[in-house]
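Each chain gets a letter, A, B and so on, in the order its sequence line appears, and its residues count up from 1.
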Amino acid sequence: METIIEKSLEEAFEEKIANEIRIEPKDWMPEQYRKTLVRQISQHAHSEIVGMLPEGNWITRAPSLKRKAILLSKVQDEAGHGLYLYSAAETLGTSRDQMVADLHSGKAKYSSIFNYPTLSWADIGAIGWLVDGAAIMNQVPLIRTSYGPYARAMVRVCKEESFHQRQGFEIMMTLCNGAPAQKKMAQEAFNRWWWPTLMMFGPKDAESPNTEQSMRWKIKRFTNDELRQRFVDMMVPQAEFLGLTVPDKDLRWNEAKNGYDFGEVDWEEFWNVVKGNGPCNKDRISTRVKAHEEGAWVREAALAHAQKRAEREAVNQA
Amino acid sequence: MDLHHKPTVDLQGYSPELRALLFDYTLQLADTSLILGHRLSEWCGHGPILEQDLAMANIALDLIGESRSYYQYAAELEGQGRTEDDLAYLRDAVEYKNPLLVEQTNGDFGDTVMRQFLFDGFHYFLLKELQNSPDKGLAGIAAKSFKEASYHVKWSAEWIIRLGDGTEESRRRIQKALDNLWIFSGELYTMTDTEKALAQAGFIPDYSGLLSQWEAHVAKIFAEATLEVPQNVFMQKGGKTGRHSEHLGYLLAELQYLQRAYPGLEW
């Protein structure tokens, strides 16, 4: 009996997926679908929060008041994205506290790109232009992802991300049109961020364990390699426009495929950064853990005060 | 997208002396907002709760936006072709005019909240009056900033109450913050020669009136938070006339680094 019910639930679910009908929090869903989503959405939320750190590193050193305000507001947007992504994940039955604990213990992952350091002001331009550009490429298809709350969160995230990318490009353009020292700063940042950005699309399709099922469930809409190719095709002309040299000796136009051929990502570096051996993995997590631990007394106080208040109100009403 | 307000004021009727006074005072307001906004921005990504990370960034953004409006207006008053960035990035600590309170380091969240609370009350009552200044430049910036300060004053008061009337630890921490920072509160109300002259000419309010409103606000919130105001404190001053704590030099070294290392470039 139970298996029959389960089967019909699963059929109803598959039918919705096939017909592009959104899955909502109260709908039945396969356990694995739920798990995959919690993993992906919380990973995305963590990336926003950890991602605040490399850019936040330059807020106090931004070179003009206008740049300072824009950067601060950008990093603040990321905190906002983190908030609504945590909320979207919470609709699947996992609490924010649990997700944060998983980040701090190393159980949950976040985008590896944030394990690279920001060493000059041009890095702020490069991150906006390249990293946010790659994020948009990854995220725009998620507006059509099958899980409703995630798809809706992504509408807002993507809108703000495209503003971020424009400001990153604008910083790069100002530097590239500026003094030789600024142009050099831009090229140097580009050299460091290009390859890690290509890694943001994840392992090659052949080595991506989650891709096939995620595509079938329409959580994912394009494969890693498809998105990486699109990104390269989009960015190379932009780099040329800026007068920057792409740090890839194997890069060349391929007329037959109407796209660029490009060199091999350093997969050994990729897997090492994923495993925790990147330049900033330890710093990033210990910074987050420190903020959390040092904030414990504040959260406890807020809770204690709210309780006292509720008790007093109860007495007053009695 | 510029979020700040750019005043355009007819300065023709002003004497050179009045312009100099207004320049000096506007610069003081600009420095005060910038330094406090900068300090708050140091919290970004490190807050105790994500929601408060957002709140502090919001206040920092308000203050930095406000400082830009003041710097732009100061540059206009000066009429020497300097820009907002020249004023913020190319003056040394001795030329900065912010009160000592706002340059104090962040400490823990309680120290930051207390610094903010002591300032917010002053800021709120000052802007409320400054909106009526006959100087249209200051009045315009004050009107816009007053709306923001009304939010800030509420935010910091709520946190003072929460931390004071929270746990034993939070009360101990916030009381300690009060004990450490109270000494800097007097300077907010000690008028410099510039402030006295402008108050006398009716361009800014006399601070004694602001002080009594602030005292009532502070007393009310501290009572609710069960905090005790330190008694018989010798009040520090000096920031508004360029004598700062050691903290400001480091803050400016960071803030001004790129403009100093690569002079004269566009960013």
Side-chain angles (χ1 to χ4, degrees), chain A residues 49-73 75-80 82-83 86 96 100 120-121 163 167 171 174-175 177-179 181-182 185 287-288 290-306 308-309, chain B residues 1-4 34 37-54 56-58 60-61 64-65 67-68 71 83-85 87-89 108-110 113 159 161-171 173-174 251 254-259 261-262 264-267:
Chain A
I49 300 307
V50 177
M52 293 171 74
L53 300 174
E55 289 180 280
N57 185 35
W58 280 87
I59 292 171
T60 57
R61 289 178 290 172
S64 73
L65 294 180
K66 186 177 161 194
R67 292 286 183 213
K68 194 185 202 64
I70 293 174
L71 180 58
L72 177 55
S73 123
V75 180
Q76 189 201 27
D77 281 349
E78 282 153 18
L83 260 187
Y86 281 130
R96 200 212 294 186
V100 169
S120 80
W121 171 252
F163 170 69
Q167 68 82 33
I171 291 177
T174 307
L175 294 175
N177 292 331
Q182 290 172 303
M185 201 183 268
T287 301
R288 286 311 311 159
K290 184 167 177 271
H292 189 73
E293 285 175 354
E294 288 179 355
W297 70 274
V298 178
R299 296 190 298 276
E300 284 159 17
L303 211 62
H305 179 74
K308 282 186 191 176
R309 204 161 247 213
Chain B
M1 187 181 62
D2 270 2
L3 303 165
H4 60 282
L34 176 62
H38 182 99
R39 277 289 185 230
L40 280 174
S41 79
E42 292 171 359
W43 272 102
C44 189
H46 308 275
I49 312 173
L50 193 48
E51 284 81 350
Q52 297 315 315
D53 223 308
L54 280 157
M56 286 189 282
N58 251 334
L61 277 167
I64 292 167
S67 79
R68 293 185 63 195
Y71 282 127
T83 65
E84 57 174 281
D85 288 331
L87 291 171
Y89 285 82
D108 69 15
F109 182 71
V113 162
W159 273 105
I161 293 167
R162 242 176 241 134
L163 297 178
D165 186 26
T167 62
E168 219 170 285
E169 181 183 8
S170 70
R171 186 182 182 282
R173 283 178 185 254
I174 196 71
L251 187 156
E254 211 170 316
L255 187 144
Q256 299 178 338
Y257 145 67
L258 277 164
Q259 290 279 356
Y262 302 91
L265 302 185
E266 288 292 320
W267 297 90

| Greatest number of heavy atom pairs closer than 4.5 Å to chain A - which of B:Tyr257, B:Tyr89, B:Tyr71 | B:Tyr89
| For chain A, which of B:Glu51, B:Gln256, B:Glu169 has the most heavy-atom pairs under 4.5 Å? | B:Glu51
| said: Counting only heavy atoms from other residues, nucleotides and ligands, does the tally under 6.0 Å from NZ of A:Lys308 exceed 12? | reply: yes
| request: Considering non-hydrogen atoms only, spot the tightest contact between B:Pro48 and A:Arg299 and give its length. | output: O-NH1, 2.8 Å
| message | Return the NZ to OG distance between A:Lys68 and B:Ser41, rounded to the nearest 0.5 Å. | response | 5.5 Å
| said: At a 4.5 Å cut-off on heavy atoms, which part of A:Gln182 comes close to chain B: side chain, backbone, both, or neither? | reply: side chain
| note | Rounded to the nearest 0.5 angstrom, the CG-CD1 distance for B:Leu255 and A:Ile59 is 12.5 Å
| Hey, which of B:Ile49, B:Ile161, B:Thr83 has the most heavy atom pairs under 4.5 Å with chain A? | B:Ile161
| task | Verify whether one side chain among B:Glu254 and A:Thr60 offers a donor that lies under 3.5 Å from an acceptor in the other. | result | yes
| query | Atom CE of A:Met52 and atom CG of B:Asp53: how far apart are they, to the nearest 0.5 Å? | reply | 4.5 Å
| field | Interatomic distance, A:Ser64 atom OG to B:Glu266 atom CD [nearest 0.5 angstrom] | value | 9.0 Å
| Spacing of CG belonging to B:Leu54 relative to CD belonging to A:Glu78, to within rounding of 0.5 Å | 11.0 Å
| said: Please find the pair of heavy atoms, one from A:Val75 and one from B:Cys44, that lie closest to each other, and give the distance. | reply: CG1-SG, 3.4 Å
| Where does A:Glu294 contact chain B at under 4.5 Å (heavy atoms): side chain, backbone, both or neither? | neither
| Under a 4.0 Å N-O cut-off, is there an ion pair linking A:Glu300 with B:Arg173? | no
| field | Side chain / backbone / both / neither for A:Ala181 at chain B, heavy atoms under 4.5 Å | value | side chain
| task | Can you tell which part of A:Ile49 gets under 4.5 Å to a heavy atom of chain B, answering side chain, backbone, both or neither? | result | side chain
| Can you name the nearest heavy-atom pair linking A:Ala302 to B:Trp159, along with the distance? | CB-CH2, 4.1 Å
| Residue pair A:Ala291 / B:Gly47: nearest heavy atoms and the distance that separates them | CB-O, 4.0 Å
| field | Portion of A:Leu65 that has a non-hydrogen atom of chain B nearer than 4.5 angstrom | value | both
| said: Return the CZ to CG distance between A:Arg67 and B:Leu258, rounded to the nearest 0.5 Å. | reply: 12.0 Å
| Taking all atoms of both residues into account, what is the closest heavy-atom pair of B:Leu265 and A:Ala179, and its distance? | CD2-CB, 3.7 Å
| request: Mind checking side chain to side chain contact (heavy atoms under 4.5 Å, CB included) for A:Asn57 and listing every partner two or more places apart, or none if nothing turns up? | output: A:Arg61, A:Thr118
| note | Counting heavy-atom pairs under 4.5 angstrom with chain B, the leader among A:Ala79, A:Ala296, A:Gly178 is A:Ala79
| said: Using every non-hydrogen atom in the two residues, find where B:Gly45 and A:Leu53 come nearest and quote the distance to one decimal. | reply: O-CD2, 3.8 Å
| note | With sequence neighbours left out, the residues meeting side chain to side chain contact (heavy atoms under 4.5 Å, CB included) with A:Ala306 are none
| request: Using non-hydrogen atoms and a 4.5 Å limit, figure out which bit of A:Leu83 sits close to chain B: side chain, backbone, both or neither. | output: both
| said: Ring-plane angle category for A:Trp297 and B:Phe109, please: parallel below 30°, perpendicular beyond 60°, tilted otherwise. | reply: perpendicular
| message | Please classify the contact between B:Leu34 and chain A as side chain, backbone, both or neither, with a heavy-atom cut-off of under 4.5 Å. | response | side chain
| chain A contact via B:Ala60 - which portion, at a heavy-atom distance below 4.5 Å | both
